[in-house]
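Beneath this line is the structure, given in structure tokens, with notes to follow.
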Amino acid sequence: MKSIFYVFLLLISVETFAQSEAEVKKTIETFFEGFHKQDSTLLNKVVYKDVTLQTIATNREGKTILHTEDYSKFITSILSIPKNQKFEEKLLSFDIKIDGNMANAWTPYQFWFNDQFSHCGVNSFQLIKVDNAWKIFFLVDTRRKDCEE
């Protein structure tokens, strides 16, 4: 009887974890939906009030740099892209880890501008679950040109 109870608890735990993973993934997909639609309302729906955005890249001298961008400037730059310009960040996969009310998602991507490959890299999202919803509070990405298309 005990073993049936433990199997039941295990099944509930696995289902709950899979549901949480799906919620984290949906939060990130909503972020990119807002990004591609240039919709600040949709973007703001899935970010935490004190979101941090950073990029790790290599400058012209070949040195690694860490750039921090103010979220309001990020929104302004997205909204200022002319409507006749097409941009798309294609997420290639999701690797999601969750512990309680904290989640991490690792998402390799390719970025395309006007149907031309621009760059690739990885996004690392940190999320917090508040008021029963996952919110992005930290996003760091890498950007490189040397990648397989």
Side-chain angles (χ1 to χ4, degrees), residues 1-58 64-81 83 85-113 115 117-149:
M1 189 65 173
K2 277 186 182 180
S3 59
I4 293 172
F5 177 72
Y6 288 124
V7 169
F8 179 72
L9 283 179
L10 178 64
L11 290 174
I12 290 173
S13 297
V14 169
E15 184 177 324
T16 301
F17 182 77
Q19 185 178 29
S20 292
E21 271 193 8
E23 292 169 356
V24 168
K25 184 176 180 184
K26 179 64 177 158
T27 298
I28 294 167
E29 289 172 338
T30 301
F31 178 85
F32 281 103
E33 180 183 351
F35 178 71
H36 294 130
K37 289 181 176 179
Q38 297 173 278
D39 183 340
S40 61
T41 302
L42 202 49
L43 285 163
N44 289 332
K45 179 181 169 185
V46 294
V47 298
Y48 191 66
K49 60 184 175 185
D50 298 321
V51 64
T52 300
L53 305 174
Q54 294 184 314
T55 296
I56 298 171
T58 305
T64 300
I65 57 169
L66 178 64
H67 173 74
T68 302
E69 184 170 17
D70 182 72
Y71 181 70
S72 63
K73 288 183 182 177
F74 166 75
I75 293 294
T76 300
S77 69
I78 296 304
L79 297 178
S80 69
I81 298 171
K83 298 295 183 195
Q85 302 292 311
K86 182 180 175 188
F87 61 97
E88 181 181 12
E89 185 159 329
K90 296 178 183 180
L91 300 183
L92 306 176
S93 65
F94 287 81
D95 183 14
I96 298 170
K97 308 288 185 206
I98 300 172
D99 184 42
N101 290 325
M102 181 181 77
N104 169 271
W106 183 268
T107 62
Y109 73 89
Q110 294 177 340
F111 192 86
W112 296 76
F113 189 75
D115 296 319
F117 177 78
S118 171
H119 62 276
C120 66
V122 171
N123 299 308
S124 177
F125 291 90
Q126 302 297 315
L127 299 93
I128 182 172
K129 191 168 191 177
V130 289
D131 298 328
N132 218 19
W134 287 103
K135 303 286 184 175
I136 300 163
F137 71 89
F138 184 78
L139 168 58
V140 60
D141 65 60
T142 60
R143 296 179 191 175
R144 18 178 246 289
K145 298 274 188 191
D146 61 334
C147 36
E148 297 177 22
E149 292 183 53

Working to the nearest 0.5 Å, report the span between CD of Glu33 and CG of Leu42. 5.0 Å
Note: Cys147 and Phe117 closest approach over all heavy atoms is SG-CZ, 3.4 Å
Among all residues two or more places apart in sequence or in another chain, which pass the ring pair (Phe, Tyr, Trp, His ring centres under 6.0 Å) test with Phe111? His119
Pairwise side-chain contact, Glu69 with Thr55, heavy-atom cut-off 4.5 Å (strictly under): no
Sub-4.5 Å side-chain heavy-atom contact between Leu139 and Asn123: yes
dist Arg144:CZ -> Ile56:CD1 (nearest 0.5 Å) comes out at 11.5 Å
Can you see which heavy atom on Ala103 is nearest to which on Val24, and at what distance? CB-CG2, 3.8 Å
Counterpart residues, side chain to side chain contact (heavy atoms under 4.5 Å, CB included), relative to His36 (two or more places apart): Phe32, Phe87, Glu88, Glu89
Determine the minimum heavy-atom distance between Leu43 and Phe31, stating which atoms define it. CD2-O, 3.1 Å
For Ala133, check side chain to side chain contact (heavy atoms under 4.5 Å, CB included) against everything at least two apart and list the hits. Lys135
Sorted by chain and number, sequence neighbours left out, side chain to side chain donor-acceptor pair (under 3.5 Å) with Tyr71 holds for Asn44
Phe138: partners by ring pair (Phe, Tyr, Trp, His ring centres under 6.0 Å), with sequence neighbours left out: none
Qualifying residues under salt bridge (charged side-chain N to carboxylate O under 4.0 Å, His left out), relative to Asp115, sequence neighbours excluded: Lys86
Report yes if some heavy atom in the side chain of Leu91 is under 4.5 Å from a heavy atom in the side chain of Ile28; otherwise report no. yes
Does Asp95 pair with Lys97 as a salt bridge, N-O distance under 4.0 Å? yes
Rounded at 0.5 Å granularity, tell me how far OG in Ser40 sits from CZ in Phe35. 13.5 Å
My understanding is that only residues two or more places apart in sequence, or in another chain, count here; which of them pass side chain to side chain contact (heavy atoms under 4.5 Å, CB included) with Thr76? none
Taking only residues two or more places apart in sequence or in another chain, which ones pass side chain to side chain donor-acceptor pair (under 3.5 Å) with Lys45? none
Contacts of Gln54 meeting side chain to side chain donor-acceptor pair (under 3.5 Å) (sequence neighbours excluded), chain-then-number -> Thr68
Atom CG in Asp99, atom OG in Ser20: separation rounded to 0.5 Å? 11.0 Å
Taking all non-hydrogen atoms of both residues, which atom of Val51 and which atom of Ile136 are closest, and how far apart? CG2-O, 3.6 Å
For the CD atom of Glu23 and the CG atom of Leu127, what is their distance to the nearest 0.5 Å? 11.5 Å
Test of understanding: with salt bridge (charged side-chain N to carboxylate O under 4.0 Å, His left out), list the residues that count as partners of Asp70, not counting sequence neighbours. none
For Lys83, side chain to side chain donor-acceptor pair (under 3.5 Å) partners two or more places apart: Gln38
Got a sec, which residues hit side chain to side chain contact (heavy atoms under 4.5 Å, CB included) with Ser124, two or more places apart in sequence or on another chain? Asn104, Trp106, Gln126, Val140
Can you tell me how far the OG1 atom of Thr30 sits from the CH2 atom of Trp134, to the nearest 0.5 Å? 14.5 Å
Could you tell me which non-hydrogen atom of Lys145 sits nearest to which non-hydrogen atom of Ser118, and how far apart they are? NZ-O, 2.8 Å
